Amino acid sequence: MAGSASMEIEVLVIGGGAVGLSCAYELARRGRQVMLLERHERLGEEASTHNSGVIHAGIPYEPGSNKAVLCVHGRELLYRRLYAWDVPHRRCGKIIVASAPDEITRLEALFDNARRNGVDDLSLIDGAAIRAREPHVVGTAAMLSPSTGVFDAGAFVRALETQALAAGVTIVPRAAVTAIERHDEAVGVSTDMLGSISARAVVNAAGLFADEIAAMSGESGHHIYPCRGEYAAVIPSKADLVNTLVYPLPGKIGLGVHFTRTVHGELWLGPDAHYIESKTDYESNRRPVEEFAEAARRLCPAITADDLRLGPSGIRASATARTNRSRISTLTRSATTRASFI
Ligand SMILES: Cc1cc2nc3c(=O)[nH]c(=O)nc-3n(C[C@H](O)[C@H](O)[C@H](O)COP(=O)(O)OP(=O)(O)OC[C@H]3O[C@@H](n4cnc5c(N)ncnc54)[C@H](O)[C@@H]3O)c2cc1C
């Protein structure tokens with residue numbers, strides 16, 4: 001197909017992560033002629049498989065925001081789809097722990113926030129109930145969210161690919177979009193391997209690179225700030241110390257470094273959240289496990305640095321700079337890494 005002349009398509013989706021695949025699948029199911037372009041050899045190689053695999057209930061988001069409304073609505077749709085497509089998942093529940101009496105007011109405020117978002121199955125539990133659920137976790141009180149769960153993110157991407165293909169989507173891997181031209185009736189999209197494609201509509205689902213795709217089409221006002229999240233993995237012999245999902249109260253940027261028992265039984269600590277310069281830098285200046293151990297101690301004192309190994313990392317596509325971005329250029333890299341462990 002390399003170098004072929006302009007071809008015509010009704011809808012072109014740029015990006016083969018969970019968002020692009022979902023858009024392509026839903027459009028094709030509604031009778032649209034859809035082509036999806038992905039620059040990597042395999043689909044979902046970026047954020048869609050570099051994450052915690054948690055099905056969020058919708059607790060911390062601002063009431064009325066898209067994030068809150070879509071999370072609460074999408075959560076049950078996702079469970080239904082995971083079940084129907086046989087993707088490994090578990091509605092295991094999570095607790096958000098107040099580690100000291102002075103955190104209880106914040107816990108209650110979070111509870112009220114979640115209720116305003118329509119998360120209506122929450123309860124507040126005391127220290128004894130925490131121990132009954134998680135014998136190795138310490139805390140004064142906690143919020144229990146039964147509808148939070150975990151799923152296999154890689155298996156979900158593969159299921160989406162299978163379903164999209166079955167619905168008639170043409171998926172083209174190793175096809176990076178390099179230029180976009182807007183015309184009156186169509187959009188011209190150039191790729192490095194397919195030549196030029198003319199589409200009636202284009203969906204920009206390029207994740208971390210969505211701002212660059214937008215700029216190619218003449219919309220230069222968007223900026224994506226890469227925000228790395230790193231994990232430490234708990235060694236298998238200690239993974240049973242935490243049964244499900246155990247979070248502290250949310251931090252200023254992320255949800256706070258927490259324990260995730262994955263759907264396959266691994267125990268991860270993280271992710272942290274810190275802004276970086278590069279959209280492709282997953283590994284430089286990794287946070288040492290000792291710092292993860294420090295964060296873990298408040299929730300589960302039985303886990304020490306000796307029980308931890310460096311785990312994977314992922315990069316969030318953040319549309320806002322938030323707090324520490326402006327400090328990146330002025331701090332040394334290691335200081336930046338340590339300053340933002342929340
Ligand atoms: C550390 C971390 C933890 C997270 N934990 C969770 C969680 O527990 N639960 C949850 O719901 N969400 C979580 N998320 C968020 C979730 O992973 C993302 O919201 C989701 O994966 C975004 O999907 P996407 O399709 O938009 O992006 P991506 O998966 O990044 O897909 C974008 C695709 O576009 C392609 N692309 C880019 N440029 C071009 C181009 N020029 N031409 C062709 N293709 C291109 C890329 O190669 C990529 O495959 C987490 C994210 C991170 C980083």
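Both ligands and their constituent atoms are indexed starting at 1 by order of listing. Keep in mind it's a predicted model, so treat the numbers as computed, not measured.
When hydrogens are left out, the protein atom nearest atom 30 (O) of ligand 1 is Ala47 N, 3.2 Å; that is the closest non-hydrogen contact. The shortest contact between atom 52 (C) of ligand 1 and any protein heavy atom is with His50 O, 3.6 Å. Closest to atom 31 (O) of ligand 1 among all protein heavy atoms lies Gly17 CA, 3.5 Å. At the shortest separation from atom 27 (O) of ligand 1 among protein heavy atoms lies Gly207 CA, 3.9 Å. Summary of contacts: the protein heavy atom closest to atom 45 (C) of ligand 1 is Arg39 CD, 3.6 Å. For atom 38 (N) of ligand 1, the closest non-hydrogen atom of the protein is Phe209 CB, 3.6 Å. The shortest contact between atom 3 (C) of ligand 1 and any protein heavy atom is with Tyr231 OH, 3.3 Å. Of all protein heavy atoms, the one closest to atom 16 (C) of ligand 1 is Asn51 ND2, 4.1 Å.
Under the 3.5 Å distance criterion, the side-chain polar atoms of Asp307 are left unmatched by any main-chain donor or acceptor of Ile235. Using modelled atom types, one side-chain atom of His258 and one backbone atom of Gly270 make a donor-acceptor pair closer than 3.5 Å. With hydrogens and angles ignored, the 3.5 Å screen pairs no side-chain donor or acceptor of Arg228 with any backbone N or O of Lys279. When atom types are taken as modelled, the side chain of Asp192 and the backbone of Val177 share no donor-acceptor pair closer than 3.5 angstrom. Formation of a donor-acceptor pair under 3.5 Å by the Asn243 side chain with backbone atoms of Arg133 is found in this model.
Considering only non-hydrogen atoms, atom 35 (C) of ligand 1 lies nearest to Glu38 out of Glu212, His258, Glu38. Summarising the contacts of atom 8 (O) of ligand 1 with Ile315, Leu78, Val54, the nearest heavy atom is found in Val54. Among Val150, Val19, Leu43, the residue whose heavy atom lies nearest to atom 25 (O) of ligand 1 is Val19. Relative to atom 41 (N) of ligand 1, the option among Val13, Val177, Leu160 with the closest non-hydrogen atom is Val177.
Near Arg316, meaning under 4.0 Å from any of its heavy atoms, are these atoms of ligand 1: 52 (C), 53 (C). Near His40, with a cut-off below 4.0 Å to any heavy atom, the atoms of ligand 1 are 47 (O). Below 4.0 Å from some heavy atom of Ser48 lie the following atoms of ligand 1, by number and element: 21 (O), 23 (O), 24 (P), 25 (O), 28 (P), 29 (O). Listed by number with element, the atoms of ligand 1 under 4.0 angstrom from any heavy atom of Gly15 are 33 (C), 34 (O), 35 (C). Residue contact check: Ala205 has heavy atoms under 4.0 Å from atoms 32 (C), 33 (C), 34 (O) of ligand 1.
No heavy atom of Leu208 sits closer than 4.0 Å to any atom of ligand 1. Using a 4.0 Å heavy-atom cutoff, Cys227 is absent from the residues neighbouring ligand 1.
In terms of hydrophobic clustering, with Ile, Leu, Val, Met, Phe, Trp and Tyr side chains grouped at heavy-atom distances under 4.5 Å, Phe259 and Trp268 are assigned to different clusters.
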Could you walk me through whether Arg261 and Glu134 pass the salt bridge (charged side-chain N to carboxylate O under 4.0 Å, His left out) test, one step at a time? CA-CA 12 Å; Arg261 190 79 191 261; Glu134 294 283 358; over 6 Å; no

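Relative to the ring axis of Phe209, Arg39 places its NZ or CZ within 45° and under 6.0 Å from the centre.
The shortest N or O to N or O distance between Ala176 and ligand 1 is not under 3.5 Å. In terms of N/O distances under 3.5 Å, ligand 1 is approached by Ser52. Not a single N or O atom of Ile213, backbone or side chain, sits closer than 3.5 Å to an N or O atom of ligand 1.
The minimum heavy-atom distance linking Leu208 with Asp211 is given by the pair O-OD1, 3.4 Å. Asn204 approaches Ala214 most closely through the heavy-atom pair ND2-N, 3.6 Å.
Under 4.0 Å is where a charged nitrogen must lie from a carboxylate oxygen, and between Glu76 and Arg80 no such pair does. Arg115 and Asp120 are not joined by a salt bridge, as no carboxylate oxygen comes within less than 4.0 angstrom of a charged side-chain nitrogen.
Contact annotation: for Ala175 versus ligand 1, heavy atoms closer than 4.0 Å belong to the backbone alone.
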Only pairs under 3.5 Å count here: list side-chain donor-acceptor contacts from residues 93-108, not counting sequence neighbours, and write none if there are none.
residue : atom : partner : partner atom : Å
Glu103  : OE1  : Ser99   : N            : 2.8
Glu103  : OE2  : Arg298  : NH2          : 3.2
Arg106  : NH2  : Pro250  : O            : 3.1

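In this structure, His89 has its ring center no closer than 6.0 Å to that of Phe151. Aromatic rings of Trp85 and Tyr25 (six-membered ring for Trp) have centroids within the 6.0 Å cut-off, being under it.
There is no protein heavy atom closer than 4.0 angstrom to atom 19 (O) of ligand 1. Not a single protein heavy atom sits closer than 4.0 Å to atom 12 (N) of ligand 1.
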